[in-house]
Each structure stands twice: as structure tokens, then as C-alpha cells.
Amino acid sequence: MQLLDKLNEQAKNIKLIIFDVDGVLTDGGLYFSDEGVELKRFNSLDGLGIKLLKQNGIEVAVISARSSKNITYRMNDLGIEHFYQGQDDKVVAFNNLIKKLSLQTKQVAYMGDDIIDLPIMRKISLPIAVANAHELVKKNACFITKKIGGHGAVREVCDLLLKAQNTFNKAMRKYLI
């Protein structure tokens, strides 16, 4: 079986995708105002991709090692109800989440960029790395995006999942009328 066929086969069965925040949903930079307020840059293409996944039956979750009000704000804005912050051991949140949603690891995709993401990536069937991920993360990924984190990499994966599950054209239809 060719790699693309194997990737497509894995993507067909995904019921949940989990994203890291810094370096995946954002560009990984930590910006601070003069008052010490942390700012993050999110990509609007990624946001619409996430909404399209949810509209087409794929659950979305976020697990982040860091905690910030802007993560809470963005997750609420996107309607993501499963988000975990301040998770030094992301596997704990992961185990709670798949138990809560009654899912098997073969139904889960995870998108990360750094070594803290590896314990989850090594448990699931579809580990994904952004183009600018740490080399060990890339070595453990089934798919590496063409785009870098915070610059449309998440949307690339959203489109891949929709296409694999034959819902992409339906999702795009209302925009092409």
C-alpha cells in the first residue's frame, strides 16, 4: 500500500483531532506587551477549518502545556468545548478525553510540533507534525504539513480529513454557489 493510500485510510477513521497550541495553532512565538500581557497570533484559515470539521462530524480538542486567557478566548470563539491548559503531562488529559468521548486510539489524530507532544503521538494512529516541528516529532509523524505552525498548517490537515472522509465537497458547496 502506498503511503498516500495508508494516510487516506487512517484519516477516514478519525473521529477526533487534538491540536497543540503553541507552534501549531499559533506561530510558536510568545509576545508580551510592556505590561506583561501575553499575546498569541492565530490564523483565521485554521479557525474556519476547525469549524468545518465540527460541522462535518469530527470532534476537535486542544491540549496545551501553557495556560493563558487568549487560549480560552480563542477556544470559546471557535466553539471548542474540549480544551485543556497547563498540561505538563498531556497524556493525562488525552486519556480523560478519549474515555469521556468513548473513542479508541485508532480514531484519534494529534497535531504537534515539539517533544512534549510525542507521548500522545506515539499512542494514536494518525500523528501529524507541522513543517517546522522538532526533528523527533517529524520522525514519529505519519504526515508532515507543507505549511508551518500558525500559518495554515491546521487548515491543511482539516482539508485532508474532510477529503479523506468524502465531506470536503459538501463542506465547500455553500461557498461555491
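No experiment lies behind these values; they were computed from the predicted model shown. Side-chain atoms are counted along with the backbone in the values below, which use heavy atoms only and exclude waters and symmetry mates.
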For the NZ atom on Lys138, are there more than 12 heavy atoms of other groups (residues, nucleotides or ligands in this structure) within a distance under 6.0 Å?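 Yes, because the 6.0 Å sphere around NZ of Lys138 holds more than 12 heavy atoms from other groups.
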
Counting only heavy atoms not in Arg41, do more than 12 sit closer than 6.0 Å to its CZ atom?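 Yes, CZ of Arg41 has more than 12 neighbouring heavy atoms, counting only those of other groups under 6.0 Å.
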
Nearest 0.5 angstrom please: [X] [atom1] to [Y] [atom2], how far?
{"X": "Leu30", "Y": "Ser68", "atom1": "CG", "atom2": "OG", "result": "9.5 Å"}
{"X": "Leu25", "Y": "Leu78", "atom1": "CG", "atom2": "CG", "result": "8.0 Å"}
{"X": "Leu126", "Y": "Ile18", "atom1": "CG", "atom2": "CD1", "result": "11.5 Å"}
{"X": "Leu118", "Y": "Lys139", "atom1": "CG", "atom2": "NZ", "result": "11.5 Å"}
{"X": "Ile58", "Y": "Ile14", "atom1": "CD1", "atom2": "CD1", "result": "8.0 Å"}
{"X": "Ile98", "Y": "Thr105", "atom1": "CD1", "atom2": "OG1", "result": "6.5 Å"}

Donor-acceptor pair, [X] side chain versus [Y] backbone, under 3.5 Å?
{"X": "Asn56", "Y": "Phe168", "result": "no"}
{"X": "Asn140", "Y": "Pro127", "result": "no"}
{"X": "Lys147", "Y": "Glu156", "result": "no"}
{"X": "Asp114", "Y": "Ile116", "result": "no"}

Quick one: does [X]'s side chain get under 4.5 Å of [Y]'s, heavy atoms only?
{"X": "Asp77", "Y": "Phe42", "result": "no"}
{"X": "Asn132", "Y": "Asp113", "result": "no"}
{"X": "Arg155", "Y": "Leu48", "result": "yes"}
{"X": "Gln85", "Y": "Thr72", "result": "yes"}
{"X": "Phe19", "Y": "Ile80", "result": "no"}
{"X": "Lys40", "Y": "Arg74", "result": "no"}
{"X": "Lys106", "Y": "Asn13", "result": "no"}
{"X": "Cys158", "Y": "Leu53", "result": "yes"}

Could you state whether [X] and [Y] fall into the same hydrophobic cluster, counting links through intermediate Ile, Leu, Val, Met, Phe, Trp or Tyr residues with side-chain heavy atoms under 4.5 angstrom apart?
{"X": "Ile120", "Y": "Leu97", "answer": "yes"}
{"X": "Leu7", "Y": "Val154", "answer": "yes"}
{"X": "Tyr84", "Y": "Leu16", "answer": "yes"}
{"X": "Phe83", "Y": "Tyr110", "answer": "no"}
{"X": "Tyr175", "Y": "Leu45", "answer": "no"}

Considering non-hydrogen atoms only, spot the tightest contact between [X] and [Y] and give its length.
{"X": "Leu136", "Y": "His134", "answer": "N-ND1, 3.0 Å"}
{"X": "Ala93", "Y": "Ile63", "answer": "CB-CD1, 4.0 Å"}
{"X": "Ala131", "Y": "Ile144", "answer": "CA-CG2, 4.0 Å"}
{"X": "Gly23", "Y": "Val130", "answer": "O-CG2, 3.6 Å"}
{"X": "Ile71", "Y": "Ser64", "answer": "CD1-OG, 3.8 Å"}
{"X": "Asn8", "Y": "Ala164", "answer": "OD1-CB, 3.2 Å"}

Polar contact flag, side-chain donor to acceptor under 3.5 angstrom, Thr167-Gln165: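 Checked: Thr167/Gln165 side chains show no N/O donor-acceptor pair below 3.5 Å.
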
Ionic contact status for Glu9 with Lys6, cut-off 4.0 Å: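 Result for this pair is no, no salt bridge flagged.
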
Lys90: partners by salt bridge (Lys or Arg N to Asp or Glu O under 4.0 Å), with sequence neighbours left out: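 With sequence neighbours excluded, Lys90 shows a salt bridge (Lys or Arg N to Asp or Glu O under 4.0 Å) to Asp20, Asp117, given in chain and number order.
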
Side chain to side chain contact (heavy atoms under 4.5 Å, CB included) between Leu101 and Gln107, worked out: CA-CA 11 Å; Leu101 298 175; Gln107 297 172 299; over 6 Å; no

With Met121 as reference, evaluate Val137, Ile128, Ile115 under the side chain to side chain contact (heavy atoms under 4.5 Å, CB included) test and give the passing residue.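 Answer to the side chain to side chain contact (heavy atoms under 4.5 Å, CB included) test with Met121 among Val137, Ile128, Ile115: Val137.
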
